[in-house]
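Numbering of residues begins at 1 and proceeds along the displayed sequence. Given the structure is predicted, the values throughout are model-derived calculations rather than measurements. Ligands are counted one by one from 1 in listed order, and the atoms in each one are counted from 1 as well.
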Amino acid sequence: MTEISGTRTLHRLIYTSRAVTPPEDLDHEVDAIVRTSIRNNRQTAITGLLLVHDGWFVQALEGPAEPVMITYRRILNDPRHQTPRMLHAGPAARRVFANWNMCARRMSDADDAILSTLARRTIDFESLTAASALRLLRVIRGIQLRTEREMMA
Ligand code: FAD
């Protein structure tokens, strides 16, 4: 019963924004965002994926509708980024991102594989749609999972 009502209220929100800090100085700031996000998102059952690339943020947030919207409102007010553009917000049948993850320069072994994949594509972050952003984040999560599996083997 709990699971059924949880599924019904599951929401996914996807947005893009631009980092205020230049890419070469962003690592420290991203570390702080990750620390806060892990703490807060765990408490509110929010999962998702945050991509940091080329001065852009692309994030998917998944969880119960209310915490997702409250978190997004906090994120909107954050001075560390600008011009947020919400691509999608609505009910989701299931979580695509079962944990909270992120991908940024040099943060993990998977990031190297992701960066070389991203380098082979031209991503027009300004024109991302809900579908193309979700596809991009899914590809990244796939690479992360593959790398995790390879490291455990
Ligand atoms: P604390 O971390 O204790 O911060 C207190 C206040 O100080 C907040 O208003 C915060 O915005 C501000 N602040 C902290 N550090 C800085 C800084 N270096 N420069 C300017 N202001 C600062 N939060 C989540 O909970 N989950 C997420 O998934 C998430 N994703 C994010 C993605 C992006 C791209 C960005 C930019 C931020 C994200 N955040 C996320 C952080 C979010 O914007 C809030 O800062 C955070 O949720 C506030 O949490 P807190 O109340 O525990 O505050």
Engineer: Just to be sure I'm reading this right: ignoring hydrogens, which of T44, I33, L76, L49 gets closest to atom 35 (C) of ligand 1? Compare them by their nearest heavy atoms.
Structural biologist: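 The option holding the nearest heavy atom is I33.
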Engineer: Distance to 0.1 Å, residue and atom name: give those for the protein heavy atom nearest to atom 20 (C) of ligand 1.
Structural biologist: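 Answer, as residue, atom name and distance: P79 CG, 3.5 Å.
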Engineer: So if I count the atoms of ligand 1 from 1 in the order they appear, which ones are less than 4.0 Å from some heavy atom of F57?
Structural biologist: 34 (C)
Engineer: To which protein heavy atom is atom 41 (C) of ligand 1 closest, and what is the distance rounded to 0.1 Å?
Structural biologist: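 In this structure, atom 41 (C) of ligand 1 has D78 OD2, 3.6 Å as its nearest protein heavy atom.
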Engineer: Might you check, step by step, whether the distance between atom 28 (O) of ligand 1 and some protein heavy atom is under 4.0 Å?
Structural biologist: yes
Engineer: To the nearest 0.1 Å, how far is atom 51 (O) of ligand 1 from its closest protein heavy atom, and which atom is that?
Structural biologist: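 Here the closest protein heavy atom is R74 CD, 4.4 Å.
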Engineer: More than 12 heavy atoms of other residues, nucleotides or ligands under 6.0 Å from CZ of R42: yes or no?
Structural biologist: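 It does not: R42 CZ has 12 such atoms or fewer within range.
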Engineer: Are R95 and E62 close enough for a salt bridge, meaning some N to O gap below 4.0 Å?
Structural biologist: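 Looking at E62 together with R95, the answer is no, because their closest N to O distance does not fall below 4.0 Å.
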Engineer: For A32 versus R80, what's the shortest heavy-atom pair and its separation?
Structural biologist: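 Nearest heavy atoms, A32 then R80: CB-NH1, 4.1 Å.
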Engineer: List every atom of ligand 1 that sits less than 4.0 Å from any heavy atom of N41, numbering the atoms from 1 in the order shown and giving each element.
Structural biologist: 24 (C), 25 (O), 26 (N), 27 (C), 28 (O)
Engineer: Between S37 and ligand 1, find which residue part has any heavy-atom pair under 4.0 Å and reply side chain, backbone, both or neither.
Structural biologist: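 Within the 4.0 Å criterion, S37 contacts ligand 1 through backbone and side-chain atoms alike.
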Engineer: Are V58 and L13 connected in the hydrophobic side-chain network, where two residues link if heavy atoms are under 4.5 Å apart?
Structural biologist: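 No, V58 and L13 fall in different hydrophobic clusters.
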Engineer: Out of R73, R80, Q82, H81, who is nearest to atom 19 (N) of ligand 1 when you count heavy atoms only?
Structural biologist: R80
Engineer: Side chain, backbone, both or neither: which part of I46 has a heavy atom under 4.0 Å from ligand 1?
Structural biologist: neither
Engineer: Taking the minimum heavy-atom distance to atom 1 (P) of ligand 1, which of R39, E29, Q59, H28 ranks first?
Structural biologist: R39
Engineer: What are the atoms of ligand 1, with element, lying closer than 4.0 Å to any heavy atom of N40?
Structural biologist: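 In order of numbering, the contacting atoms are 25 (O), 47 (O), 49 (O), 50 (P), 52 (O).
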Engineer: Answer yes or no: is there a side-chain heavy-atom contact under 4.5 Å between V34 and S37?
Structural biologist: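 A side-chain contact under 4.5 Å is absent here.
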Engineer: Is there side-chain contact between H88 and T129, with at least one heavy-atom pair below 4.5 Å?
Structural biologist: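 Heavy-atom side-chain distance check fails, nothing below 4.5 Å.
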Engineer: So, for atom 7 (O) of ligand 1, does the protein have a heavy atom nearer than 4.0 Å?
Structural biologist: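 No; the ligand atom in question lacks any protein heavy-atom contact below 4.0 Å.
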Engineer: Taking all non-hydrogen atoms of both residues, which atom of Q59 and which atom of I75 are closest, and how far apart?
Structural biologist: OE1-CD1, 3.5 Å
Engineer: Are any non-hydrogen protein atoms located under 4.0 Å from atom 17 (C) of ligand 1?
Structural biologist: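 For atom 17 (C) of ligand 1 the answer is yes, since some protein heavy atom falls inside 4.0 Å.
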Engineer: Can you find a heavy atom in the side chain of I14 that is under 4.5 Å from one in the side chain of R12?
Structural biologist: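 The answer is yes, as the side chains (C-beta and beyond) meet within the 4.5 Å cut-off.
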Engineer: Quick one: sort the Y15 and H81 rings into parallel, tilted or perpendicular, breaks at 30° and 60°.
Structural biologist: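 Judged by the thresholds at 30° and 60°, the geometry between Y15 and H81 is perpendicular.
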Engineer: Please check if atom CD in Q82 has more than 12 non-hydrogen atoms from other residues, nucleotides or ligands closer than 6.0 Å.
Structural biologist: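 Yes, enclosed.
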Engineer: Could you tell me which atoms of ligand 1, counted from 1 in the order shown, lie closer than 4.0 angstrom to a heavy atom of Y15?
Structural biologist: 32 (C), 33 (C), 34 (C)
Engineer: Using heavy atoms and a 4.0 Å limit, tell me yes or no: is A32 in contact with ligand 1?
Structural biologist: no
Engineer: Suppose I only count heavy atoms of L61 and a 4.0 Å limit; which atoms of ligand 1 are within that range?
Structural biologist: 28 (O)
Engineer: What closest approach, in Å, do F125 and T16 show between heavy atoms, and which atom pair accounts for it?
Structural biologist: O-CG2, 4.4 Å
Engineer: For atom 12 (C) of ligand 1, is the nearest protein heavy atom under 4.0 Å away?
Structural biologist: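 Looking at atom 12 (C) of ligand 1, one finds that no protein heavy atom lies closer than 4.0 Å.
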Engineer: Determine whether any protein heavy atom is located less than 4.0 Å from atom 4 (O) of ligand 1.
Structural biologist: no
Engineer: Do the non-hydrogen side-chain atoms of R141 and N99 ever get within less than 4.5 Å of each other?
Structural biologist: yes
